[in-house]
Amino acid sequence: MKQFILGKTAILPIEASHFALLQKSQRSMVAAKAIEEKYDLMISNYLEFEKELLLQITEQVVLNKESYDDFYQISTILNRRIVNLLTSTKLYYDQMQRQVRLCDFNNDNFSNTALNYFSREYDNHFEYRFMENLRNYVQHCGLAIHSFSLPSNWEGEGDSRLMKNGIKIYSTREELGQDPKFSKRPVFSECTDKINLTKSIRKYIEKLSLIHSEIRALIEENLKESRNCIENVISEYKAVNDNNALGIYAYSVDSDDPLGDVETKVPLLLDWDNVRLNLINKNKGITNNSKRYISGDCL
């Protein structure tokens with residue numbers, strides 16, 4: 001190990017087996033960070049979708065949109081939010097198996113375990129099945145929203161009455177059935193005439209969040225080992241280099257000379273793993289998401 005900087009630097013020899021362990025630890029931490037980044041992207045897109053719903057309701061209350069062009073613009077921007085969300089859920093799923101495998105030190109088949117989490121939720125929940133198939137429909141055939149409304153009604157009595165404003169967005173069985181591929185899928189037979197997209201999306205994200213929590217638990221112990229491994233070598237290097245470990249790498253050379261040509265080097269820092277830990281703290285599990293909604297009632 002040494003600092004790859006200009007000037008003199010201390011060199012600390014390590015065994016080949018230790019170097020291999022550091023490589024594995026570094027790869028697993030980078031992979032775990034990638035997992036959290038994909039989840040953060042998905043949750044950020046979901047949050048933008050929910051914010052857009054509230055924004056459109058507020059604009060309807062204030063601006064009283066009524067024209068065909070107004071409704072077209074609302075449909076367009078909500079479709080865009082849904083496409084962004086479904087793209088990020090696909091990205092999350094597609095890259096999960098590879099990233100989880102890099103966190104599997106003992107051939108415990110983490111990648112298949114993670115895939116089983118996804119399969120379980122697909123089998124158990126219509127909303128999950130529907131959104132997975134809708135993503136394919138949106139990618140290859142049409143847009144998600146086929147019908148929407150901005151309903152309003154008075155609630156309460158007398159002067160204390162309040163007008164409740166909302167937005168409802170749907171996919172319709174009739175429109176989905178125009179796609180020969182979708183109409184032949186098992187989920188099509190489960191579809192009602194109108195599928196509430198907001199409720200389906202909330203349930204879908206709730207279950208993906210559950211899966212993510214399980215994946216975190218699956219790889220947690222190995223990541224602790226990885227972080228400890230790198231923390232320990234950083235401490236060892238600081239002990240021989242006046243408490244300075246800036247820019248250190250573990251590296252291999254093509255000879256017994258530590259100043260020989262470098263074949264492979266592994267950066268030894270924890271900054272990227274600190275990002276992962278911050279993302280975990282930011283994006284906690286979403287529970288009972290399908291049973292919650294936001295109200296603008298004056299309490």
Side-chain angles (χ1 to χ4, degrees), residues 24-51 81-82 84-135 197-229 270-294:
K24 183 169 64 173
S25 296
Q26 191 261 358
R27 282 196 298 264
S28 70
M29 292 166 65
V30 171
K33 174 176 168 284
I35 291 172
E36 292 299 334
E37 287 173 331
K38 303 306 183 297
Y39 182 69
D40 182 62
L41 180 64
M42 179 177 71
I43 294 302
S44 296
N45 276 313
Y46 170 62
L47 186 58
E48 289 178 3
F49 166 74
E50 290 284 6
K51 286 180 178 179
R81 298 299 186 198
I82 293 173
N84 289 344
L85 176 59
L86 292 177
T87 300
S88 63
T89 61
K90 179 63 172 172
L91 180 68
Y92 177 78
Y93 174 82
D94 283 351
Q95 297 190 21
M96 185 59 61
Q97 189 173 18
R98 176 179 176 274
Q99 304 295 355
V100 169
R101 189 183 298 117
L102 291 173
C103 300
D104 186 359
F105 295 166
N106 303 310
N107 296 318
D108 290 326
N109 216 6
F110 280 2
S111 59
N112 282 346
T113 300
L115 288 180
N116 287 337
Y117 296 154
F118 289 99
S119 297
R120 179 196 65 208
E121 298 307 320
Y122 186 96
D123 292 340
N124 289 344
H125 300 283
F126 163 74
E127 294 87 353
Y128 191 103
R129 291 191 296 278
F130 176 74
M131 293 307 302
E132 285 285 299
N133 283 274
L134 184 66
R135 181 208 58 78
L197 282 173
T198 303
K199 290 183 178 179
S200 296
I201 289 171
R202 287 173 179 168
K203 188 75 168 182
Y204 185 45
I205 294 299
E206 175 187 316
K207 295 308 170 184
L208 284 171
S209 180
L210 171 62
I211 291 168
H212 190 71
S213 295
E214 292 176 315
I215 290 173
R216 282 175 175 170
L218 182 69
I219 64 178
E220 182 179 10
E221 288 305 314
N222 284 357
L223 293 176
K224 286 181 180 178
E225 289 181 21
S226 296
R227 187 177 177 95
N228 288 338
C229 179
L270 295 171
D271 300 66
W272 67 74
D273 199 51
N274 292 336
V275 171
R276 175 183 70 87
L277 295 176
N278 289 336
L279 288 174
I280 290 175
N281 187 57
K282 171 190 173 185
N283 296 316
K284 298 178 174 65
I286 302 174
T287 58
N288 294 321
N289 190 51
S290 58
K291 297 180 181 180
R292 302 184 186 190
Y293 73 97
I294 299 169

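Note that the numbering runs from 1 along the sequence shown for the chain. Heavy atoms only: backbone and side chains are in, while hydrogens, waters and symmetry mates are out.
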Query raised in the report: Parallel under 30°, tilted from 30 to 60°, perpendicular over 60°: which one fits the rings of Phe118 and Tyr93?
Result: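 Perpendicular, since the angle between the ring planes exceeds 60°.
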Taking atom [atom1] of [X] and atom [atom2] of [Y], what is their separation to the nearest 0.5 Å?
X      : Y      : atom1 : atom2 : result
Tyr92  : Leu208 : OH    : CG    : 7.0 Å
Ile201 : Tyr46  : CD1   : OH    : 8.5 Å
Leu86  : Leu91  : CG    : CG    : 12.5 Å
Ser111 : Asn116 : OG    : CG    : 9.5 Å
Tyr39  : Ile211 : OH    : CD1   : 10.0 Å
Ile219 : Met29  : CD1   : CE    : 11.5 Å

Requested in this report: Apply side chain to side chain contact (heavy atoms under 4.5 Å, CB included) to the pair Phe49 and Thr198, showing each step before the final yes or no.
Outcome: CA-CA 9 Å; Phe49 166 74; Thr198 303; 4.2 Å; yes
Query raised in the report: Is Arg98 atom CZ crowded by more than 12 heavy atoms from other residues, nucleotides or ligands, each under 6.0 Å away?
Result: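 Counting neighbours around CZ of Arg98, 12 or fewer heavy atoms of other residues, nucleotides or ligands fall under 6.0 Å, so no.
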Are [X] and [Y] within salt-bridge range, i.e. N to O under 4.0 Å?
X      : Y      : answer
Arg216 : Glu220 : no
Arg120 : Glu214 : yes
Arg202 : Glu206 : no

Query raised in the report: Of the options Asn106, Thr113, Asn107, Asn112, which is the one that meets Asn109 in a side chain to side chain donor-acceptor pair (under 3.5 Å)?
Result: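 When Asn106, Thr113, Asn107, Asn112 are each tested with Asn109, the side chain to side chain donor-acceptor pair (under 3.5 Å) holds only for Asn112.
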Query raised in the report: Between the side chain of Ser226 and the main-chain N/O of Asn222, is any donor-acceptor distance below 3.5 Å?
Result: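 Checked: pair present.
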Query - Asn45 side chain to Leu41 backbone, donor-acceptor under 3.5 Å - result: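 A pair under 3.5 Å: yes.
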Query raised in the report: Do Asn283 and Asp40 meet the criterion of a side-chain donor-acceptor pair at a distance under 3.5 Å?
Result: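 A donor-acceptor contact under 3.5 Å links the two side chains.
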[X] versus [Y]: any side-chain heavy-atom pair under 4.5 Å?
X      : Y      : value
Leu223 : Arg276 : yes
Glu221 : Phe105 : no
Leu277 : Arg227 : yes
Leu85  : Arg135 : no
His212 : Ile35  : yes

Query - Pair listing, side chain to side chain donor-acceptor pair (under 3.5 Å) test, anchored in residues 124-134, at least two apart - result: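 Matches after skipping sequence neighbours: Glu121-His125, Tyr122-Asn133, Arg129-Glu190, Glu132-Tyr204, Asn133-Arg185.
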Query raised in the report: Any idea which heavy atoms bring Cys103 and Ala32 closest together, and the distance?
Result: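 In this case the closest contact between Cys103 and Ala32 is SG-N, 4.1 Å.
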Requested in this report: Would you please test Ile43 and Lys284 for side chain to side chain contact (heavy atoms under 4.5 Å, CB included) and show each step?
Outcome: CA-CA 10 Å; Ile43 294 302; Lys284 298 178 174 65; over 6 Å; no
